Every structure is written in structure tokens, then in C-alpha cells.
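This report concerns only the one structure given below.
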Amino acid sequence: ISRMKHRPISCQTAALLFPLPLFSIVILAVASVNGLRPLETAFLTPSSPSTVGVPCSSLSLLPSTCHHHHHLSSRSDINIMMHHPRRRDHPLNEDRWRLFNTIKRGDDGDDRNQLRLRRESTYLKAQSTNTDEEQGDAISTTATSSSSSSSLKEILILVFPLLLIYISNQWSRYSISYLVDFSTTATTNADAATSAAAFQAMNVDLQFTQSQYGLLASTAFTILFALSSLLAGSLADKYDRKLLTLGSCTIWSLATLFTSQASSYEEVLAARVVMGGACAFAVPAAYTLIADTVSKDKLAFSNSIYGSGVYLGGALASLSLLLDESVGWRGTLGVIGGFGVVSVAAAGLLLPSDDDRGNANDIIVGKAEDDTVQSLSLDENEEKEESGLVKNSLQILSIPRVQFLFLASFLRFCSGLMIGVWAAPYYKQAFPDSATEYAVVNALIVGAMGLTSGILGGYIADGLSTWIKETKEEQKHTSIILKYFDEQSIPLLLPIVGSTLAIPAWYLTTHTAGTTTTNAFEIAMFWLAVEYLVAECWFGPTIAVLQSAVGPSKTGTAQGLFVLTGAVGNLAPTLLGWIYGNQIDGGSASSSSEVLANLLGWGVCMGYLLSAIFFAVSVLSDGETLEASSKRN
């Protein structure tokens, strides 16, 4: 850092940093062509005879991961074909596929025709009982094999394309925080609109205030984001998640490109609203895809790898300061939007197909002629009831552990979002001579420390779950952890400890600038690194507990509610911006950076403290899953 003060990074060097993510895309694409394609069979290796012949797209629907698996032993073969739509080697495949496609298209006419089709299904089953039993055994064998622990290669093949999309998501979302400048030098210039500051600062160019920026960076993004979150979760439970992911990334990338050409604050505001609506669809689709594919013992780790997109995207957003110096805020947003378009193309090539997902939820057929109509009628009624978004949400929120988990997550989101929106403007004011160093150091802290904390958090959470399960089964030890935690809740130990340790670290990093300490900038960055290292371990473990509590059938809706919780948390930085603007306009005796330091320090620390308390309450609450509750009732 001391060297950089005398030898600041040149604009040419800064510009060279940005093609690096694109090179990673090219490398992965080349690798996939030479060794990992086709991706639909990427999970299968020649040395794995237990899975030979089963397409990758069907693996996510095998009994070990599909929430319909308990029907396989009792329902007709047309149901088996729904779970394995590409199995056309059945002796009666022609008749069965004709029946399946007829019902799938909805060309089943009136109730009498439906009954005829169901009876035909039952007749076909009766004619092929022996064959079905053999195939059922084969499916069972494959399912047993697929339920084994996922390898790192399998996880990365699935998660990397999703991670690429998530990086684009976070880079587009948070870059705005690094493209504004509320320092006195920039905002009081009479000719600011035509000055060099307007080239690099969006607020100077478009003439908007601190309060308007708070609205732009948080609430405007949240409007459609919140409204779309529940819908996104419900769609992720039913439809092609690959298309949802690619479509949402395309929309927010176009919104970013539109922002780069905006000529007024109102145009930027509209683009942020559209961007927020699109960003809501990517996360639920990704987490449900991971939950359906990755084995349970690697779930928190896999979620953490995907969640690291927050830190990698945040690191790129920080480096946007360097690009801003070279091409201005408009050119920077153009680069970010272009990265999103490239990410869509890469993910489209690399992500496995998910188009069979809808087929597995279309129809259910009974196993005997006498109870076929009755069974199907009951199932149809249940599906109509359970398909209601409100009903599903209420069922999820009826779990006491989930209630406090959402409350704790809301408070944790409030702290994180206040940091994400207001930390960059604060450090630019507190250390105006270190803007270039801050861009690089903050990128390293967010990327390295945040990524390390997130992945280690998931890895440790998985290890704790395995340890507590084995220890309780063997009844070897008695301790406080074993007394209050179980296999489902033990991952919450990470966010409890992490949020508690983050309180002093964050307070120190925001209250170093006003002291007479030598090397104040270096000390502030040290405590910022400590804060990221201890605080960012919460995401993967929290998602894993949520997924295990609600069960696989409602994972998408639960994830939508979780995203909605974060969306509501955007009110915190908006409120902070309103208070900050009023104090400055009211003629506060403190400087602008001191006012912001106090607001950030106390606001973030209170969020951390309360979130740790409610994570602990969630551990002590009843964690009975929806599936266990339905069986008991």
C-alpha cells in the first residue's frame, strides 16, 4: 500500500485487469470441449458402471434427490417414465409414450376420456409387471449409487456456470456504489456538470443527492425484486431453471447497458427497477438446482461456493473504480453489461439441460385399476391445494425454526447491505488521497477474505453436521453443543459466532479515520479484512438449514422467501441515506465522513448483534420439517 501511494496504478494497468474473468470463461469452454462435454453426461465417468446409461439430466430426478421418489415402488410405469423420460427401451414403449404424450399435451378431452387413458395405463402396467420389476430394481440400484457423496468435480461442473451468472448479478448490482462521489470537491463545483468529476461520478453528471442515491442503490432495486422473489421461487419449483437463469441474466445485463446511456436520474431509476425484478429469478433457480443435484453431506459447501459470487462480484465492483478512471462511469457500466451478455452465452453452453423438470410434475397415475381414479383425484386435489403460492409460503412460515431464521437473516442482510451500499462512499471521503489503493485493497479483501470465509463456512458446517450425527449415534460425548444443537441446526453455529466477532472489527474499521493514528488507512483496511473473514461464513450454512427444514418439495418457494427477506433488508441503506442527508442538510457540526462513520458503525453493529441473537433462538426452536409433520398428522 505504501508503494502504491507513490506509484498509483495507471489507467492502462487498470483496464488490463478486467479481461481476466473473460479469460476464465474461455479456459472453461476449451476444457469442456476437450474433456467435459457433453455436459449432460458430465457426472458420469467410464469407471462408474452403476450409472452407465443414465443421462445427467435424469440424475437430478432419481429417487435419492427427487421429492417424488417415495411413489416409485407403487405407481405405474408411466410415472417411472416421467422421472426417466428418455428411457425408451421398454418393450411397450410405443404405447406408453403415446399415452404419456397425450396426457402431457392436455389432449385428454373430457372426464370419460381421462378415465379411458388411465385404464389403458393400468392395462399396460398389468401386461408388463415382470419387466417393470426388473427396471425398478435397476432404478433402485442406480439411485443408491447416486445418493453417495458428490465429488468436487461434479460440484464444480454444476456450480461454475451458475457462479458466473451470480458474479454478473452482483457486479451489476453493486457497481453503482463505486461510481458516485459525494465529496465536497466534486459536489460544490459550480461547473460540475461539465467538469472531469462528471466523467467519473454518476451523481455529478446526473445531479442527484445522497438521499436519491440511497433510493437508487437500494429501494429502487428492491421494488420489483421483492415482488418477483416469491414468484421466482415458485417457478423454480416447477419449470426449467436453466431458462430462468439465462433469461434473468439477459434482462439485467440489458438494463445495465441502458443505464450506461441514461441522460437523467429518472432513466437510471427505471433501469434499476427492471434490474431488480430480473435479479430475483437467478438465485432461487440456482439453489434449488444445487439442492436437487448435490448430495446432502456436501450441500452447505456447494451453496457456499455458489454464494461466493457475492464476494467475487463485489471485488469486481470495487475494481470498477480503476476502470472508471479510464473510461468513465458510462464506459464502466458498458463493460459490466457486456460481461453479463458473455456470461449468458457461456452458461447456455455449459449448464446441463433442465427441461425434463416440468414433465415430472405433470401427472400422477395409480398402480391398480380399481383405485386409479380415486388415487388420481386425491392427488390432483392435493396438487391444486399445494400449488398455491400463499399456502406454500404459510406452510413454510409455520415452522418455528424457519420463522426465527428469516428474522435473523433479515437483520444480517440489513448489516451487509448497509456495508455494500455505503462503505465505498465512506472510504472515498475518509481517505480521499487513497482512492486508487482502496479500489485494489478492497477488491482483494472482498474477493479473498469474503470468498475464504464463505467457502470455509460451508465446509465447516458440513463437517459439524457429520460429526454431531456420528457422535450422537455412538453416544460418546456430552457437551453444550450436543445438548442444544442437532444435525439440522448445527450449521447455525457459524453465523452466531461470525456475527458476534464482526461487531468489534466493523466498529474499528469505521472509526479509524478520525483518529491521529499513523497509517490510519492501513489499519482501517486491516480491520475490514478481519470483518469480512469472520462475518461472511453465514450464507451457506443458513441456506442448508433452511433447505433441510422445508424439504425438497418446497425448496424453491423457501428460497424465494429468503430472497424476499434480503429485498426487505434494502430498506436499511435507504433509511441510512435519508438520515445521512438530513443531518448534512441540517448543518451538522461533524464532517460528512464523521456523520457517515457513526451511522454505519452503530447501524451495522446493531444488525450483527440482533442477528446473532435470533440465530441462537432459531437453534432452540422447534425444527420439525414439513415432511415429518405431514407424516405425523
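Model, not experiment: these values are computed from the prediction. Both backbone and side-chain heavy atoms feed into the values below; hydrogens, waters and symmetry mates do not.
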Is a side-chain donor or acceptor of [X] paired with a backbone partner of [Y] at a separation under 3.5 angstrom?
{"X": "K298", "Y": "I155", "result": "no"}
{"X": "T509", "Y": "A505", "result": "no"}
{"X": "S168", "Y": "L164", "result": "no"}
{"X": "S398", "Y": "Q395", "result": "yes"}
{"X": "S611", "Y": "A408", "result": "no"}
{"X": "S177", "Y": "G420", "result": "yes"}
{"X": "N169", "Y": "I165", "result": "no"}

Under the side chain to side chain contact (heavy atoms under 4.5 Å, CB included) test, residues paired with V604 that sit two or more places apart: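 Scan of V604 (side chain to side chain contact (heavy atoms under 4.5 Å, CB included), adjacent residues dropped) gives S415, M418, I419, W506, L600, Y608.
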Is the closest side-chain donor-acceptor distance between W171 and S320 under 3.5 Å?
->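 Their side chains do contain a donor-acceptor pair, which is all the 3.5 Å distance test asks for.
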* Asked: Just checking, any donor-acceptor pair under 3.5 angstrom between side chains of S489 and D486?
  ->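 Indeed, the side chains of S489 and D486 share at least one donor-acceptor pair under 3.5 Å.
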* Measure the shortest side-chain to side-chain distance between L561 and L546 over non-hydrogen atoms and say whether it is less than 4.5 angstrom. =>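 The answer is no, as the side chains (C-beta and beyond) never meet within the 4.5 Å cut-off.
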Are any non-hydrogen side-chain atoms of L464 and L494 less than 4.5 angstrom apart?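 A side-chain contact exists here, since the closest heavy-atom pair is under 4.5 Å.
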ask   = When rounded to the nearest 0.5 angstrom, what is the spacing between CD in Q547 and OG1 in T288?
value =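 Here the rounded value is 8.5 Å.
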Check residues 533-541 and write down every donor-acceptor pair under 3.5 Å in which the side-chain atom is one partner and the other belongs to a residue at least two apart or another chain.
unit_1, atom_1, unit_2, atom_2, d
E536, OE1, Y311, OH, 2.9
E536, OE2, R412, NH2, 3.1

What pairs meet the side-chain hydrogen bond (donor to acceptor under 3.5 Å, both in side chains) rule with one or both residues in residues 400-410, with sequence neighbours excluded?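 Matches after skipping sequence neighbours: R401-Q488.
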**OP:** Name the orientation class of the two ring planes belonging to Y459 and F301 (parallel below 30°, tilted from 30 to 60°, perpendicular beyond 60°).
**Re:**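 Perpendicular, since the angle between the ring planes exceeds 60°.
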